[in-house]
Amino acid sequence: MTFIHKYPKAAKVAKANFVVAFIALAIGGFFGFVQALHRTDVFRGFFNSGEYYTLLTGHGVLLALIFTTFFIAGLFVWGVTRSLDREPENMSYTWSWFWLMTIGTVMATVAILGGLVPDSSIRAAVLYTFYPPLQAHPLFYIGLALVLVGSWMAGADWFWSYRKWRKGSPDERVPILTFMALFTMLMWYVCTIGLALEVVGLLIPWSLGWVTEIEPLLPRTLFWFFGHAVVYFWLLPAYYVWYAILPKLSGGRLFSDSMTRIVFIIFLLLSTPVGYHHQYADAGISVGFKFYAMATTMLLLLPSLITLFTVVASMEHGARQRGGKGYLKWIGKLPWDKPAFVGCALAGIMFAAGGFSGMINAGMNINILIHNTIWVPGHFHLTVGTAVALTFMAITYWLLPQLTGRKLKFKTLALIQPYAWFLGMTLMSNAMHRAGLAGVPRRTAEPQYSGFEFEPIFGTMAEMDWQIAIGGTILTISLILFLWVVIASWMAGQKSDKPVDDHIPEPLSGVEHTPAILDNMKLWFTLALILVILAYAFPLLEMVADGIFEPGALPRPS
Amino acid sequence: MHIHKFEQFWIKLSFVLIAFFIATVVYGFVAMDLKVIGDHATIDPQNLQETKFGNPGVREVTKNGQTEYEVYVQTIQFAYSPGTAEPIVVPANTRVTFYITSPDVLHGFDVAGTNLNTMAIPGQVAKMTTIFPESREYGIVCNEYCGPAHHIMEGIIKVVPKSEFDKSNLVE
């Protein structure tokens, strides 16, 4: 018996979410490949440089917003259903949020891809940050709004299950798989207030022409109200996997139940008030609020550092169960031949590297050196592009058999895949970081200028370009391997009652040691709102004091 | 609650690290004069011609008995005015304050390889002050996506020795 046999309805929903996620991954990944060759001037024959920004928008939206959101929805359907031991409460409701998100995705994608049709009026080359006054077709904003509303409904679905479960089990502790999912969604509700205000309150009326002028700083600030917390919306499900599943894949058990809960609580509290750290270089926001955001950002290192400890400790415990010895020799005893484990572990290592460049980003005066340079995508290709994406791919090798009742096929290819991703990202990301230090900008089709040349601190521009192009190519091959293994296993994997060992053992330091206050969702949610109000109320009031759309700029076609 | 003694040690270490990072930023502010763009002024992006941005360029001012320079720059799709058609020329070893804004969309104003780097946001005036230590040319890069020809948007800052600075190109 595995997940699909016990919960066939939930399995179907999870699979549907994964289908959309993987289609978005395939298209967005292909765009990334084109970009890696285009901006390094290795090959510019696919599209012209004007169309580059349409591809870049597709890459950002489909990977950062769509792939993640749908995968997370599938993962949480699995985790909540399994840990509460109940199917979703009402399947019509569950399918309605899935279809709402899917329709929204199709609308936004059509708006973006319209930019590749000559003379099309349907365009959305505004990148995934869609800063006005660059204006996209209304379809783009409305589509994104539908995805957002669908994700809220998905969260409500899991809270619904939780409440029903709570009625039947008044004295039990919230199971850790449900706890983590619900706290991630609480954080999502807090941060998406900003996005909803921006998209529904400002951008949709403006793109429909109901108002003509827009103040650029206000929507930009509302975007970053959401825009850093969304990073944690991607990352916490990866932590979900690292805390709940990776210890088991290492042969051990989670180190500490209480520290896991504390980490998720800190993320709920601190993820949103940090948004200004994306606006250190903006005029119009006072240094004091930037400093508050910076201090909060630095405090956010704490839960990630605790995670580092807990995950490594859990893995070490697993390795010792498998006969590992010594201070470091135990690392060799980890299952380096199992794709799900390897992907998660390599993702974790990359995340440590991404964490270091993130600490540079967070330092508000050091940040100015690398602000909006290619250092920044170098950083987030380690975090969301590897820590999150590689974890999601790796855990698919373990989840898919549970959702389909079929064994994984092509295990050797599945094993090569995470190593290839790691190699490709090492090449691409180190070159992006170094190019950023020389001032090479991000988001540019042709970072080659006529009046001056970049002066790298070490290495040469040509060498960095080749590393980005080769790294991007290896990543694309890795992505194709992933999709091939998934499709083959899904279609033709051997059917089995127990296609994978899906047992998750209890933590070493279990829930009996965890204080009850950690499960008080109302308390933590209220505190999170207070911290957000402290960070945002005054600057936002100041921005709207002279009129919501003042000082107004006119829209420009994208 | 049970927290393993190694984990307690690790958490303490993490707090030390966090305090250290915040201290480095404060040190940069206080001791190295590494300032960050703040809240300067708002402006109507559709009426820049009535402001100093209407006649952009380098101005000479006297502050505290010292000769300093102010540079007003408009960032427009897809050029710096001044900066692209003609370079921004300023003297070395002199305080130079840049005032930057945009009449159309968001742009970046990044002097490549340095920490002179700001967003140009319609409606907001960014202000940043620096002293160029040596005579040389710097490239200015637009580092925020601003439209289909974003990648051609570039400019030059030419820093010349004080003695060779030609004041005939200053604007009034």
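Only a predicted model underlies this, so the values are computations on that prediction, with no experimental measurement involved. Throughout, a chain's letter reflects where its sequence line sits, starting with A, and its residues are numbered from 1.
For A:I262, the part lying near chain B is the side chain, with the backbone staying farther off; criterion is any non-hydrogen pair under 4.5 Å. Only the backbone of A:A438 comes within less than 4.5 Å of a heavy atom of chain B; no side-chain atom from C-beta onward does. Residue A:F309 touches chain B through both its backbone and its side chain, counting heavy-atom pairs closer than 4.5 Å. Proximity to chain A (any heavy atom under 4.5 Å) is shown, for B:F109, by neither the backbone nor the side chain. Of the atoms belonging to A:E455, it is side-chain heavy atoms, and not backbone ones, that fall under 4.5 Å from chain B. Only the backbone of A:V126 comes within less than 4.5 Å of a heavy atom of chain B; no side-chain atom from C-beta onward does. Interface residue A:L299: backbone and side-chain heavy atoms are both found under 4.5 Å from chain B. For B:P103, the part sitting under 4.5 Å from any heavy atom of chain A is the backbone (N, CA, C, O) and nothing else. The contact between A:M259 and chain B is made entirely by side chain atoms (from C-beta outward), counting heavy-atom distances below 4.5 Å. For chain B, the nearby part of A:E542 is the side chain; its heavy atoms alone come within less than 4.5 Å. At a 4.5 Å heavy-atom cutoff, A:Y52 makes no contact with chain B through either its backbone or its side chain. Using a 4.5 Å cut-off between heavy atoms, A:L437 contacts chain B through its backbone alone, with no side-chain atom that close. Only the side chain of A:M294 comes within contact range of chain B, judged by heavy atoms closer than 4.5 Å. With a 4.5 angstrom heavy-atom cutoff, A:S450 touches chain B via backbone and side-chain atoms both. Using a 4.5 Å cut-off between heavy atoms, A:P539 makes no contact with chain B at all. Looking at A:S256, only its side chain comes within 4.5 Å of chain B, counting heavy atoms on both sides.
Environment of CD in A:E453: sparse, with no more than 12 heavy atoms of neighbouring residues, nucleotides or ligands closer than 6.0 Å. For B:R95, the CZ atom is loosely surrounded, since the number of other residues' heavy atoms within 6.0 Å does not exceed 12. Other residues, nucleotides and ligands contribute more than 12 heavy atoms inside 6.0 Å of the CG atom of B:L170.
In terms of heavy-atom pairs under 4.5 angstrom with chain B, the leader among A:G552, A:P555, A:G363 is A:G552. The candidate from B:I156, B:V36, B:T118, B:T24 with the greatest count of non-hydrogen atom pairs under 4.5 Å with chain A is B:V36. With chain B as partner, the option from A:G451, A:G50, A:P216 having the largest number of non-hydrogen pairs under 4.5 angstrom is A:P216. Counting heavy-atom pairs closer than 4.5 Å to chain B, the top residue among A:T310, A:T444, A:N365, A:L127 is A:N365. Contacts with chain B were tallied for A:I285, A:V287, A:D546; A:I285 has the most, counting heavy-atom pairs under 4.5 Å. Options A:P132, A:P557, A:S49, A:P447 differ in how many heavy-atom pairs under 4.5 Å they form with chain B, and the most are formed by A:S49. Ranked by heavy-atom pairs under 4.5 Å with chain A, the first of B:V26, B:D104, B:T42 is B:D104. With respect to chain B, the highest number of heavy-atom pairs below 4.5 Å among A:E213, A:E512, A:Q448 belongs to A:E213.
Proximity of A:M461 to A:V440: side-chain heavy atoms (C-beta onward) are separated by under 4.5 Å at one or more points. When side chains are defined from C-beta on, B:T101 does not count as touching B:T75, because their heavy atoms never get closer than 4.5 Å. Considering only heavy atoms from C-beta on, A:V511 stays 4.5 Å or farther from A:P507 through its side chain.
Taking every heavy atom of both residues into account, B:T94 and B:E68 meet most closely at CG2-CA, 4.4 Å.
Electrostatic pairing of B:E144 and A:R443 counts as a salt bridge here, judged by a charged N lying under 4.0 Å from a carboxylate O. Ion pairing between B:K63 and B:E70 holds under the 4.0 Å rule for side-chain N and carboxylate O.
A distance-only check finds no donor-acceptor pair linking the side chain of A:S304 to the backbone of A:L302 [under 3.5 Å]. Formation of a donor-acceptor pair under 3.5 Å by the B:T51 side chain with backbone atoms of B:F53 is found in this model.
Residues A:F255 and B:F6 keep their aromatic ring centres 6.0 Å or farther apart.
Ring pair A:F452/A:Y449 is parallel by interplanar angle, where below 30° counts as parallel and above 60° as perpendicular. Using cut-offs of 30° and 60° on the angle between ring planes, the pair A:Y128 and A:F223 is perpendicular. Relative ring orientation between A:F289 and A:Y276 is described as perpendicular, the plane-to-plane angle rising above 60° on a 0-90° scale split at 30° and 60°.
From A:R123, atom CZ reaches atom OG1 of A:T57 across 9.0 Å, with rounding to the nearest 0.5 Å.
Side-chain contact annotation: B:H107 with B:Y145, donor-acceptor N/O pair under 3.5 Å absent.
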Let me check something: any side-chain donor-acceptor pairs from residues 119-143 of chain B under 3.5 Å, sequence neighbours excluded? List them with distances.
unit_1, atom_1, unit_2, atom_2, d
B:T129, OG1, B:T97, OG1, 3.0
B:N143, ND2, A:H371, O, 3.3
B:N143, ND2, B:N117, OD1, 3.1

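Contacts between residues 8-19 of chain B and chain A, defined by a heavy-atom separation under 4.5 Å, are made by B:W10, B:I11, B:S14, B:F15, B:L17, B:I18.
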